[in-house]
Amino acid sequence: MPISKLAHFSVRTTDIEATRRFYTGILGFKEGYRPAFKFPGIWLYRGGDEADYGVVHIIGIDKADPSGLTEYLGEMDESRLQGSGAIDHVAFLATDLADMRRRLREAGLAFRERTVPDMGLHQVFVEDPSSVTIELNFPAAEAQASGAGHE
């Protein structure tokens with residue numbers, strides 16, 4: 001099985017500061033490293049999980065310029081950002097990128113790929129049958145070895 005564990009969950013929000021205060025002040029997560037994405041956000045860690053890229057990723061919406069977020073994760077209507085609709089995606093650590101690409105293609109599923117800046121992490125995004133976005137995180141070396149193959 002190429003899936004090893006749940007990696008993180010992401011919350012897309014129009015109130016990044018209130019979300020930060022909840023997850024840090026109430027739940028006790030710590031802010032940590034976040035790649036230089038073209039949209040605001042915060043990565044939160046529980047401590048000792050730096051190699052796994054954190055537990056909660058807060059995705060901020062810059063209403064003045066949402067283009068970076070739209071380009072990277074796609075557009076989402078703000079009316080969907082309440083309750084469980086605010087959960088942007090579920091992420092898993094994974095291995096064997098080539099086999100995953102093959103399985104997705106054979107199933108006729110559309111997917112998109114990105115390499116995270118400054119992290120050595122390659123992502124594959126696919127939607128489940130209920131339109132929940134699933135992010136699969138592979139070592140970037142696997143993508144480099146097999147070619148990016150963006151869909």
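Numbering starts at 1 and runs along the sequence shown.
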Student: Side-chain contact, heavy-atom cut-off 4.5 Å: Y53 with M119?
Tutor: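 A side-chain contact under 4.5 Å exists here.
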Student: Where do I16 and G60 come nearest, in terms of heavy atoms and distance?
Tutor: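 Scanning both residues completely, I find the closest heavy atoms to be CD1-CA, 3.9 Å.
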Student: With heavy-atom distances below 4.5 Å as the criterion, would you say the side chains of Q123 and T115 are in contact?
Tutor: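 A side-chain contact under 4.5 Å is absent here.
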Student: Answer yes if the side chains of E113 and H122 hold a donor-acceptor pair under 3.5 Å, and no otherwise.
Tutor: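 Judged by distance alone, the side chains do pair up.
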Student: Identify, with sequence neighbours excluded, every residue that meets ring-ring contact (aromatic ring centres under 6.0 Å, His included) alongside F37.
Tutor: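 With neighbours one apart ignored, the set is F39, Y72.
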Student: Determine the minimum heavy-atom distance between P117 and P35, stating which atoms define it.
Tutor: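 In terms of heavy atoms, the two residues are closest at O-CB, 3.3 Å.
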Student: Between CZ of R12 and OG1 of T14, what distance do you get to the nearest 0.5 Å?
Tutor: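 So the CZ of R12 and the OG1 of T14 are separated by 12.0 Å.
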Student: Can you give the donor-acceptor pairs under 3.5 Å from side chains of residues 61-68 to other protein atoms, not counting sequence neighbours?
Tutor:
{"residue": "D62", "atom": "OD1", "partner": "A64", "partner atom": "N", "Å": "3.0"}
{"residue": "D62", "atom": "OD1", "partner": "D65", "partner atom": "N", "Å": "3.3"}
{"residue": "K63", "atom": "NZ", "partner": "E78", "partner atom": "OE1", "Å": "3.4"}
{"residue": "D65", "atom": "OD1", "partner": "S67", "partner atom": "N", "Å": "3.3"}
{"residue": "D65", "atom": "OD1", "partner": "S67", "partner atom": "OG", "Å": "2.6"}

Student: Just grab all the side chain to side chain donor-acceptor pair (under 3.5 Å) pairs involving residues 16-31, residues at least two apart or on different chains.
Tutor: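 Qualifying pairs, neighbours excluded: T13-T19, E17-R20, R20-E31.
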Student: Name all residues meeting the salt bridge (Lys or Arg N to Asp or Glu O under 4.0 Å) criterion together with R102; count only those two or more places apart in sequence or in a different chain, and write none if there are none.
Tutor: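 R102: salt bridge (Lys or Arg N to Asp or Glu O under 4.0 Å) contacts with D99, E106.
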Student: Using the rule given for side-chain contact (heavy atoms from CB on, under 4.5 Å), can you reason through L6 versus V90, listing the C-alpha separation, both sets of side-chain angles and the distance that settles it, and then say yes or no?
Tutor: CA-CA 8 Å; L6 180 67; V90 177; 3.3 Å; yes
Student: Begin with the C-alpha distance, continue with both residues' side-chain angles, and end with the deciding distance and a verdict on side-chain contact (heavy atoms from CB on, under 4.5 Å) for F125 and I134.
Tutor: CA-CA 6 Å; F125 294 92; I134 305 298; over 6 Å; no
Student: Rounded to the nearest 0.5 Å, what's the gap from CD1 on I59 to CD1 on I87? Could you check?
Tutor: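 One gets 9.5 Å once the value is rounded to the nearest 0.5 Å.
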Student: Do M100 and F138 touch side chain to side chain, with heavy atoms closer than 4.5 Å?
Tutor: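 A side-chain contact under 4.5 Å exists here.
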Student: Where do S4 and A94 come nearest, in terms of heavy atoms and distance?
Tutor: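 Between these two residues, the closest heavy atoms are OG-N, 4.4 Å.
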Student: Check step by step if side-chain contact (heavy atoms from CB on, under 4.5 Å) holds for R101 and F111.
Tutor: CA-CA 9 Å; R101 286 176 177 152; F111 62 96; 4.2 Å; yes
Student: What residues form a side chain to side chain donor-acceptor pair (under 3.5 Å) with D77, not counting sequence neighbours?
Tutor: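 D77 satisfies side chain to side chain donor-acceptor pair (under 3.5 Å) with S79 only.
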Student: How would you list, by chain and number, every residue that makes a side chain to side chain contact (heavy atoms under 4.5 Å, CB included) with H8, sequence neighbours excluded?
Tutor: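 Side chain to side chain contact (heavy atoms under 4.5 Å, CB included) list for H8, sorted by chain: S10, H57, H89, A91, E135, N137.
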Student: If I take atom OH from residue Y45 and atom CZ from residue F29, how far apart are they, to the nearest 0.5 angstrom?
Tutor: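 Those atoms lie 12.5 Å apart.
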Student: Main chain of L97, side chain of E142: is a donor-acceptor contact present, judged purely on distance under 3.5 Å?
Tutor: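 Between the backbone of L97 and the side chain of E142 there is a qualifying donor-acceptor contact (under 3.5 Å).
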Student: For the pair V124 and L104, evaluate side-chain contact (heavy atoms from CB on, under 4.5 Å) and give the outcome as yes or no after the intermediate values.
Tutor: CA-CA 10 Å; V124 174; L104 293 171; 3.8 Å; yes
